[in-house]
Amino acid sequence: MSVEDLLRAWGGEELVVRSDDGSGAWMLVGVHSTTLGPAMGGTRMKPYGSLEDATRDVLRLSRAMTLKNALAGLPFGGGKAVLAVPEVPTGEARYALMTRYSDLVRALGGTYVTACDMNTTEADMDVVARRTPHVLGRSAAAGGSGGSGPDTAVGVFHGIRAVCRHVFGSDELTGRSIAIQGVGAVGAHLAELLAGAGATLVVADVDPARAREVAERTGATTVGADEILTSPCDVLAPCATGAVITDETIPTLGCRAIAGAANNQLGADVDARRLQERGIVYAPDYAVNAGGVIHLAGHETLGWDDAQVAARLAGIDTTVTEVLETAERQGITTAEAAAGLASERITAARSG
Ligand code: NAI
């Protein structure tokens, strides 16, 4: 596909590409939509095979942020940045790269608001924030709202309850079996919330010590990282990496429903249909994991107190329910229903 075809298929507003002589990196910022507000989304830093791969990623990710922020009811559009580095830098080189990157964010004048994503940290956002105010996710010491993992977990918890109500007729979690793939910042906190609500847990992590530690605290059973997807359970909560639900894994899944934190859980769009055909209810990832953006935007930009943030996190239950019911009513996939609801909000804002 030519660059022109890629950009037309993307349908976004602005793609900024800067060559960073200091590091050999390409800096890309995709401003997909500013209809609902500044385009907000994190900065992903990693080596890519080519500039084209990096471009595809920033376009795809920025569009997903438009849907996520719209569905979460936030006054933000969607954007994303990619730092396509020869290798992930450390120390002085990293500081210098983040400083030059902050100049790019500043030059966009608030059209794009950045945050952490894969391989970027609160410390990086602290550096970016020295030269531009258009950044979320600084460390608490630098005036930020601290890690968003726990609030993301709370949002996933509400999403799981909505899914259980839809699939099993009750959101009572006592005795419900839930498998968590990945017990890091989000998964570990989710395990505690679910255990507190009486769920029976199975957890796995590529770091077995981490899985054991969470199991000891929550009474969960552990299985190997290669077994968690096939473990029999009511709900699977992917909280590790993306693209875990694929044409290869779908026939082997042991769950009745999926609701988790990981971004881009589906390997391809068509996997939503494959899940539906297998009778597995899929709560779209960006509806379920919006707790992270709610935490950041709520605390750092919108002036919400803890109670207001908690109410918005609980609203994920309502959103997921609306998505699942719309899909059922219209005979479409839950992925199509979520995208449709997000698009309706954007269209309403445009015409209103
Ligand atoms: P994290 O890096 O703290 O935890 C991920 C955990 O998954 C780690 O313990 C890692 O060892 C484990 N893991 C990696 N690959 C695995 C595999 N194949 N099988 C089993 N375990 C595996 O990340 P965090 O913050 O908990 O995020 C989890 C997911 O949720 C990520 O995909 C992230 O993009 C997404 N997410 C996180 C948000 C947040 O606020 N932290 C917000 C929205 C999405």
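Read the numbers this way: they start at 1 and go in the same order the structure lists the ligands and their atoms. Any value given below was found using the heavy atoms of this structure, including those in side chains, with hydrogens, waters and symmetry copies removed.
Ring-centre distance between H299 and W304: not below the 6.0 Å cut-off.
With Y286 contributing its side chain and N264 its backbone, the two residues share no donor-acceptor pair below 3.5 Å. In this structure a side-chain-to-backbone donor-acceptor pair under 3.5 Å is present from D20 to S23. With hydrogens and angles ignored, the 3.5 Å screen pairs a side-chain donor or acceptor of N119 with a backbone N or O of M45. When atom types are taken as modelled, the side chain of Q330 and the backbone of I332 share no donor-acceptor pair closer than 3.5 angstrom.
There is a protein heavy atom less than 4.0 angstrom from atom 32 (O) of ligand 1. For atom 23 (O) of ligand 1, no protein heavy-atom neighbour is present inside the 4.0 Å cut-off.
Between G187 and ligand 1, no N or O atom pair is found at a separation short of 3.5 Å. Of the N or O atoms in A240, one or more lie within a sub-3.5 Å distance of an N or O in ligand 1. In terms of polar-atom proximity, D207 is not counted as a contact of ligand 1, lacking any N or O under 3.5 Å from an N or O of the ligand. The shortest N or O to N or O distance between T241 and ligand 1 is not under 3.5 Å.
With a heavy-atom cut-off of 4.0 Å, D205 touches ligand 1 through backbone and side chain alike. At a heavy-atom cutoff of 4.0 Å, ligand 1 is contacted by the side chain of R210 but not by its backbone.
Selection from N289, V206, V293 by nearest heavy atom to atom 21 (N) of ligand 1 gives V206. Across the listed options A261, A153, G147, A188, A261 owns the non-hydrogen atom lying nearest to atom 35 (C) of ligand 1.
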